[in-house]
There are 2 protein chains.
Amino acid sequence: MFTQSEENYLKAIFHLQQEAEKGVSTSKLSALLETKASSITEMVKKLAEKNLVNYQKYYGVELTDTGRKQALIIIRKHRLWECFLVEQLDFKWDEVHEVAEQLEHIKSEKLIDAIDRLLGHPKTDPHGDPIPDKDGNFTKKNTSLLSECRVGSIGIIVGVKDSSPSFLQYLDKQCIALGTKFNLRHKEPFDNALEITVNDQVIKVSHKMASNLYVDIGYTS
Amino acid sequence: MFTQSEENYLKAIFHLQQEAEKGVSTSKLSALLETKASSITEMVKKLAEKNLVNYQKYYGVELTDTGRKQALIIIRKHRLWECFLVEQLDFKWDEVHEVAEQLEHIKSEKLIDAIDRLLGHPKTDPHGDPIPDKDGNFTKKNTSLLSECRVGSIGIIVGVKDSSPSFLQYLDKQCIALGTKFNLRHKEPFDNALEITVNDQVIKVSHKMASNLYVDIGYTS
DNA sequence: TATAATGTTTAGGTTTGCCTAAATATTTTG
DNA sequence: CAAAATATTTAGGCAAACCTAAACATTATA
């Protein structure tokens, strides 16, 4: 069994590993966990002793197979709880993260399996992120960003890269949600702002916004 | 906000206060929390500084009004989670305690209110214990024990005093559950064992068992 | 490529919540 | 009611997980 702190480190390392190929640096972890670099070094050594990470002084860490498995169990729990909060308790998608951060540490396999069953084994969480199964398998994360689409594309919003409340609330205000079908009409060369249509309504999407929206692209018109 | 440890102390003090009128002793807390007496003393001082308990050296502690309120919030959460586990996730009544011990510490008023609503504002948990409302009000705990009933009484099982898995499983085996209507037919003078009938089936109930079953008594035949 | 800038680790300190052992209070009992 | 038994508190330590400041490595740049 692991402490909450250890679980948070494993999760953080997993997420940072997704982005960069190389070992995860102390400073990246420090920034993500909002913990001083010296504390990171200390904990990382402990994780290495428990064979959850491989650690090379000055060159960062990476998860071992057991570490990765453990990280995925925690991520599975986090995302299932998020689904539960939205689907059963009518939480909004911008309200779930903080509570799920707590719930993910509850230790009971039976509990999380029951939640999974109650929800009908969902494949993605309210932000479009995939939910690993019990063995840690999960369908690769969405990769296409709206910002990278060609003018003329039609597609569906399937996920958000940034799931901070402020971004999610902004999307709500713009009437952009997961599942929203759009038509990419125009790209402004000056600032890369986009214009998409959703139900024949024109919506302006800044480059920054577009680079935080995952999409499934359909046929090009 | 309180630490999990502090919350556990408040809960423990509350429960012990229910039994004895006097201040709760260090040794009672030590036994219940399975923590050495010296640690109890230390923590109790801290709680006193935060005005959650009144503490008199060598004479035990009692909750202040704020301490009591806080304890009731935790107990409310514990019992609502127990209901949730049984009613929504098909846990058995002997499986809920351990998980609820963890869930009770989740910090989100919105969450527990949503669970309460989802369950239709239940008044008692799966062991028959009353669930305090948001303000800490709750209907007094059941007081009549089966062991104190007169021969000839009819009544209903409404709660258990001991909610250890082993006792609860034993009740399951005997087909005694909350809501079970019984008829107290006989009391053996030698060992105070009882014979009750439930649906015309005779069930032998030891004194120890009977003294852990709360009942509502109807008319005496 | 030497030096400056940046990133990482080490050393030493803090708080929380626990522990053991010793000291002190209270309670029980001969 | 004094001695013995029991309960409680104090004193001093420990592990986890954080911190700051200083030392040391790596990387960037003049």
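Protein chains get the first letters and strands the later ones, always in sequence-line order, with residue 1 at the start of each.
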Report, one line per pair, each donor and acceptor closer than 3.5 Å where one atom sits in a side chain of residues 15-26 of chain A; sequence neighbours left out.
from    : atom 1 : to      : atom 2 : distance (Å)
A/Gln17 : OE1    : A/Leu63 : N      : 2.7
A/Ser25 : OG     : A/Ser27 : OG     : 3.3
A/Ser25 : OG     : A/Lys28 : N      : 3.1

Using distance only, find each side-chain donor-acceptor pair of residues 104-113 of chain B under 3.5 Å and give its atom names and separation, not counting sequence neighbours.
from     : atom 1 : to       : atom 2 : distance (Å)
B/Glu104 : OE1    : B/Lys11  : NZ     : 3.4
B/Glu104 : OE1    : B/His78  : ND1    : 2.8
B/Glu104 : OE2    : B/Lys11  : NZ     : 2.8
B/His105 : ND1    : B/Glu7   : OE1    : 2.6
B/His105 : NE2    : B/Asn8   : OD1    : 3.1
B/His105 : NE2    : B/Glu101 : O      : 3.3
B/Lys107 : NZ     : B/Phe2   : O      : 3.4
B/Lys107 : NZ     : B/Glu7   : OE2    : 3.1
B/Lys107 : NZ     : B/His105 : O      : 3.3
B/Ser108 : OG     : B/Leu111 : N      : 3.0
B/Glu109 : OE2    : B/Lys134 : NZ     : 3.2
B/Lys110 : NZ     : A/Glu95  : OE1    : 3.2
B/Lys110 : NZ     : A/Glu95  : OE2    : 3.3
B/Asp113 : OD2    : B/Lys134 : NZ     : 2.9

Without placing hydrogens or testing angles, list every side-chain donor-acceptor pair under 3.5 Å for residues 187-196 of chain B, not counting sequence neighbours.
from     : atom 1 : to       : atom 2 : distance (Å)
B/Lys187 : NZ     : B/Ser147 : O      : 3.4
B/Asp191 : OD1    : B/Ala193 : N      : 3.0

May I have the list of side-chain donor-acceptor pairs in residues 32-57 of chain B shorter than 3.5 Å, sequence neighbours left out?
from    : atom 1 : to      : atom 2 : distance (Å)
B/Thr35 : OG1    : B/Leu33 : O      : 3.0
B/Thr41 : OG1    : B/Ala37 : O      : 3.2
B/Lys50 : NZ     : B/Glu6  : OE2    : 2.6

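Using a 4.0 Å heavy-atom cutoff across all strands shown, A/Ser5 reaches sugar-phosphate atoms only and no base atom.
Looking at residues two or more places apart in sequence or on another chain, you find no side-chain hydrogen bond (donor to acceptor under 3.5 Å, both in side chains) involving B/Gln4. With sequence neighbours left out, the side-chain hydrogen bond (donor to acceptor under 3.5 Å, both in side chains) criterion links B/Thr66 to B/Thr64. B/Asp65 is linked by a side chain to side chain contact (heavy atoms under 4.5 Å, CB included) to nothing, counting only residues two or more places apart in sequence or in another chain. Legend: residues meeting ring pair (Phe, Tyr, Trp, His ring centres under 6.0 Å) with A/Phe84, ordered by chain and number and at least two apart, are A/Trp81, B/Phe84. Not counting sequence neighbours, the partners of B/Asp116 by the salt bridge (charged side-chain N to carboxylate O under 4.0 Å, His left out) test are B/Arg76.
Contacts between residues 20-30 of chain B and DNA chain C, defined by a heavy-atom separation under 4.0 Å, are absent.
Between the C1' atom of D/dA15 and the CD atom of A/Glu6 lies a distance of 12 Å, rounded to the nearest Å. Across the protein-nucleic acid pair, A/Asn8 atom CG and D/dA16 atom C1' stand 14 Å apart, rounded to whole Å.
For B/Tyr55, the side-chain atoms get nearest to D/dT9 when compared with the rest of D/dT9, D/dA16, D/dC18.
For DNA chain C, the contact window with chain A, defined by any atom under 4.0 Å from a protein heavy atom, covers C/dG7 to C/dT10 in 5' to 3' order.
At a cut-off of 3.5 Å, with distance as the only test, no side-chain donor of B/Asp125 or B/Trp93 sits close to an acceptor on the other residue.
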Report, as a single string ordered 5' to 3', how protein heavy atoms within less than 4.0 Å touch nucleotides 19-26 of chain D: B base, S sugar-phosphate only, - not at all. BBB--BSS
